[in-house]
Amino acid sequence: MRHDATMPGGVTCLAVAALMAAALLAIVVRLKEEQVNSAALHGFEMGRQSERLIQTAAARGRILDRNGVVLAENRLVPVIAFDALACQKKTWNETARAIREAIDGAASAIGRRSPVSDDDIRRHMKKALPRPMTVWRDVTPDEAARFFEHEKDLPGFVYLASFERRYPLGSLAAHAIGYVGRDRAHGLPGGEKFDYADFEMRGRSGLEYYYDSYLRGVPGEKTVRVDARGFARGEETLVEPKKGLDLVTSLDVSIQAAVERTLEGCKGACVVLDPETGEVLAMASAPGYDLSSFVPVLGKDLYRRLSEDPALPLLNRAVGGTYAPGSTFKPVTALAAISSGISPDFTFECEGVFSLPGMSIRCTRTWGHGEMSLAEAMRESCNPYFCRLGMDAGLDNVREAAFALGLGGPSGVDFPVDAAGVVPDGDWKMKRYSTQWFPGDLAQMSIGQGMLLVTPLQMARAVAAIGTGRLVVPVMRAGERGASAGTGFSGEALDAVRAAMRKSVENGTGRKGAEGVDAYVIGKTGTAEVGSLSNRRKNAWFIAYAVSRGGDRSVALAIVVENGESGGSTAAPKAGAILRSVFGTAKEAENV
Amino acid sequence: MFSVLRRLNFVSFLSTVALAACGTVAIYSAGHARERIFYDMWKDNLATVLFMLVLYFVLAFVDYRKILKWFSIPAYAGAIVLLALVLVFGREIYGGKRWLWFFQPSEISKLCIIALFAHVFGGWKGRRGFKAFLAAALLAGAPLVLIACEPDLGTALTLVPALAAMLLAAGVWRTGIVAIMAAAVFAALAVLGAVHEAEKPNADPVRREKILNALPLKKHQVKRVKTFLYPESDPLGDGYTLRQAKISIGCGGFSGKGIGKGEANRLKFLPPSVSMNDFIFCVWAEETGFVGSAALISLYAALALSGVWIALTAADLPGRLLALGFSVLVFAHAGINTAMSVGMLPITGLPLPLMSSGRTFLVTVLLGLGLVQSVSIHNKTKEKQ
């Protein structure tokens with residue numbers, strides 16, 4: 001201390017010490033303010049921000065047919081789940097091991113091994129720690145009983161209800177109903193705000209897809225507080241989920257079943273419409289698939305098998321399959337011709353072939369039909385007659401008539417698939433094939449061949465329009481009325497075509513389409529030749545419009561069968577069977 | 001040997017060891033909130049502490065006069081070179097060039113500059129003259145400018161009070177030093193006032209521009225001051241960190257949540273990128289509560305004040321300056337860091353001595369404290385002779 005007197009800086013040291021003490025004291029005072037006086041406030045803020053927002057799934061609405069038959073509903077799946085908190089250990093590894101042991105212990109109590117792997121446990125801990133982890137699905141009553149017997153010895157395990165889709169009718173109307181897949185809230189608008197979300201079912205195709213938001217309901221919200229390591233500590237429901245609405249479809253299960261019976265073993269499709277309201281009474285596509293195998297989710301293997309199947313079972317041919325309409329287009333040609341000023345009484349000498357420079361179209365009867373009227377030509381499905389008619393009417397008129405009957409564009413149905421088809425012209429051909437339009441193209445088109453493409457739904461709609469005189473937008477919900485508009489054809493033209501189509505089913509190619517049907521039927525067969533020259537195939541068509549004897553009930557129908565023999569022998573009998581199931585069988589054959 | 005051990009300043013030594021232990025625990029806790037590679041960070045820290053404690057004793061037993069005489073000038077020159085090198089070859093992280101290979105030259109340079117000042121002004125007869133003041137300005141200015149170029153304003157801020165205290169103690173043109181310090185305090189208050197005025201929630205934008213343009217500050221610096229004054233103005237950036245820092249400290253309560261159980265830390269509300277370094281105090285405060293944080297502040301008080309005591313009782317002026325300067329440096333880090341964490345000062349990137357996980361600074365602090373111990377051990381030796 002001897003040096004102190006002579007050494008400078010003593011005062012500075014003391015001043016510095018005083019400043020240090022003062023500053024640190026100030027910090028301690030502030031710490032006391034924050035940690036003791038305001039601790040509750042900060043604790044509250046921390047609590048608020050350590051809450052996790054969870055979206056809870058709402059029960060999905062059912063899908064019913066027009067008479068209330070259930071097409072899709074929810075099945076309760078009993079689940080035993082596990083809350084990881086019960087196994088919280090010092091390290092994640094120990095926790096994972098403890099969970100494994102707990103699950104294996106519970107497995108012997110419940111009597112079933114759990115499918116949960118160690119990787120599943122780790123994934124759950126990493127991604128959804130505060131949520132219960134599903135250990136057993138589809139718990140049987142026996143297993144449930146054993147669980148509740150041992151519940152006290154199985155801390156952390158809970159018995160929960162989960163839901164999955166059920167399609168009680170299996171493959172019936174499978175394409176129309178569609179199917180669901182799993183979805184997370186993050187797929188929904190506003191879903192990003194949730195930390196976790198229950199799996200929800202989301203429609204992937206068909207009505208399940210189109211009416212997803214309607215069926216889906218409104219998810220609920222709840223919060224769960226997590227501790228420092230992310231384990232759940234109590235939850236609170238903020239919003240109860242709201243069940244989705246039931247969708248009553250326009251489908252009629254009895255008609256649908258009849259349709260599917262006739263299509264069994266074939267490739268093809270059929271649509272049955274209510275021509276007045278546009279309601280789709282049946283929509284079938286074959287081959288189909290069993291919807292029961294699509295729950296809880298459409299598995300990868302099954303999907304691959306179905307999508308690689310050359311018969312294309314996943315394709316909904318009724319709305320997504322585009323075919324050449326063949327002779328079912330002839331009524332359209334007839335309407336075009338009459339509208340363009342050609343008399344309904346126009347006759348034409350069929351010599352068995354229709355020749356143009358550079359091409360010829362043969363008739364079904366190689367030696368020719370001879371002199372033909374419209375009705376006779378329709379009855380016999382005479383190709384040269386309609387080629388002549390189409391050529392005389394001109395491309396613009398034929399196209400206009402096709403558009404007026406809803407061909408060449410989407411129908412506007414409330415369904416995710418609604419193919420537009422093709423009603424070609426010169427521009428379209430140039431764009432598609434880079435060749436110019438030949439007169440022969442129009443001749444081909446007049447008999448429904450060539451580049452013309454339609455869907456069964458479009459044809460059903462078209463024949464409905466011929467029957468009623470109004471073009472209606474098809475609808476899939478019962479009680480709806482599709483928007484309709486006049487076709488623009490004169491009553492005279494429509495009557496002439498209807499009368500001709502009547503001939504076709506009375507004693508023409510479409511005989512079998514009305515055989516024994518207790519209703520007034522008009523119709524037209526079609527046999528569209530497709531494929532390359534070496535691989536010619538025939539798609540058999542039949543379209544029909546039928547009104548019950550009392551006039552109180554009517555249906556429009558279009559059916560196509562791939563690789564058939566002919567419209568009259570392949571498609572018409574099927575249509576007849578369908579119509580008989582709708583209207584009943586006539587008591588006397590001459591009533592037809 | 002035994003008599004030498006008795007002259008060891010036990011308050012300084014024990015608070016050093018206690019702080020390093022607390023730091024290891026806090027790094028353990030903060031590291032476990034991060035990716036797996038940070039889980040073992042505490043072991044690295046502990047190993048560094050143990051190794052450096054050996055060096056600490058080596059330095060403590062060697063006479064600091066010899067060290068100052070032989071090493072202070074080359075160390076200073078080396079520091080200048082490294083500071084220049086880091087500006088050229090440094091790795092850029094978070095917008096600052098502070099890293100050269102595996103260390104931060106600016107941290108080491110703090111000790112080198114203090115040692116040089118102790119050496120130069122402790123033994124300079126004419127130190128009260130204006131020449132000495134100029135020399136001080138030059139010797140301090142060169143590294144400070146280089147450090148400010150990185151930019152590492154925090155380091156510059158902690159070094160200035162340490163050097164000022166040394167110069168004041170040495171008697172170098174007191175009026176000038178006091179005047180400069182007063183001016184600095186005034187300037188700081190003026191900046192605060194100006195930003196406060198300019199960034200008022202419904203201030204006139206033209207006026208705001210005018211005021212901000214008149215300030216000799218960079219945009220991000222203005223932003224930090226603004227965030228400090230109006231934390232709610234930047235809820236996702238610095239304001240977020242500040243708010244989370246306050247919440248985490250506050251929700252620790254009186255006795256804390258227990259080691260490893262801090263939600264702010266473990267749930268990463270406190271950004272993990274800073275929780276092991278600049279905001280480690282928050283981790284400690286949340287998990288040990290007011291009891292722990294007040295104890296930690298007390299340990300810093302013990303460390304700093306024991307250093308000042310060593311300065312007071314030093315055998316000669318270089319020893320006094322060395323102990324005083326380094327104590328002020330440590331204190332400045334601890335004070336500014338903790339004050340920043342509780343929202344008393346704007347956010348500046350400063351490590352908390354012996355707590356934060358930065359190895360360069362840990363090494364620097366333990367070397368410096370070893371030197372301070374040397375001053376303590378060698379004060380009475382001379383008296384006896």
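Scope of the values below: all heavy atoms of this structure, side chains included, with no hydrogens, waters or symmetry mates.
- With values rounded to the nearest 0.5 angstrom, Lys246(B) atom NZ is found 9.5 Å from Leu41(A) atom CG.
- Judged by distance alone, the side chain of Arg30(A) and the main-chain N or O of Val342(B) form a donor-acceptor pair under 3.5 Å.
- Atom CZ of residue Phe331(B) and atom CG of residue Leu24(A) lie 5.0 Å apart, to the nearest 0.5 angstrom.
- Distance OG1/Thr12(A) to CG/Leu324(B): 7.5 Å, rounded to 0.5 Å.
- Ranked by heavy-atom pairs under 4.5 Å with chain A, the first of Thr338(B), Ile247(B), Leu305(B), Leu321(B) is Ile247(B).
- Put simply, the side chain of Pro8(A) reaches to within 4.5 Å of the side chain of Arg127(B), judged on heavy atoms.
- For chain A, the nearby parts of Ala285(B) are the backbone and the side chain; heavy atoms of each come within less than 4.5 Å.
- Contact tally against chain B (heavy-atom pairs below 4.5 Å) for Leu25(A), Leu19(A), Ile27(A), Val11(A): the top residue is Ile27(A).
- When all heavy atoms are compared, the tightest approach of Ala314(B) to Met7(A) is O-CE, 3.7 Å.
- When heavy atoms are compared at a cutoff of 4.5 Å, Ile297(B) approaches chain A by way of both its backbone and its side chain.
- Minimum interatomic distance between Val308(B) and Ala17(A) (heavy atoms only, all atoms of both residues): CG1-CB, 3.9 Å.
- Checked by atom type and distance alone, the side chain of Gln35(A) pairs as donor or acceptor with a backbone atom of Ile249(B) at under 3.5 Å.
- Heavy atoms of Lys257(B) lying under 4.5 Å from chain A belong exclusively to its side chain.
- Interface remark: Ala15(A) contributes no atoms to any contact with chain B (heavy atom separation under 4.5 Å).
- Crowding of Tyr28(B) atom OH: a count of heavy atoms from other residues, nucleotides or ligands under 6.0 Å not exceeding 12.
- With chain A as the partner, the residue from Val328(B), Leu317(B), Leu168(B) showing the most heavy-atom pairs under 4.5 Å is Leu317(B).
- The heavy-atom pair separating Arg174(B) from Gly9(A) by the smallest distance is NH2-N, 4.2 Å.
- Judged purely by atom type and a 3.5 angstrom limit, Arg320(B) has no side-chain atom pairing as donor or acceptor with the backbone of Cys13(A).
- Rounding to the nearest 0.5 angstrom, the gap separating the CZ atom in Phe290(B) from the CG atom in Leu31(A) is 6.5 Å.
- Heavy atoms of Ala165(B) lying under 4.5 Å from chain A belong to its backbone as well as its side chain.
- The parts of Val28(A) that come within reach of chain B are both its backbone and its side chain, each placing non-hydrogen atoms under 4.5 angstrom from that chain.
- One finds the CE atom of Met344(B) at 10.0 Å from the CD atom of Glu34(A) (value rounded to the nearest 0.5 Å).
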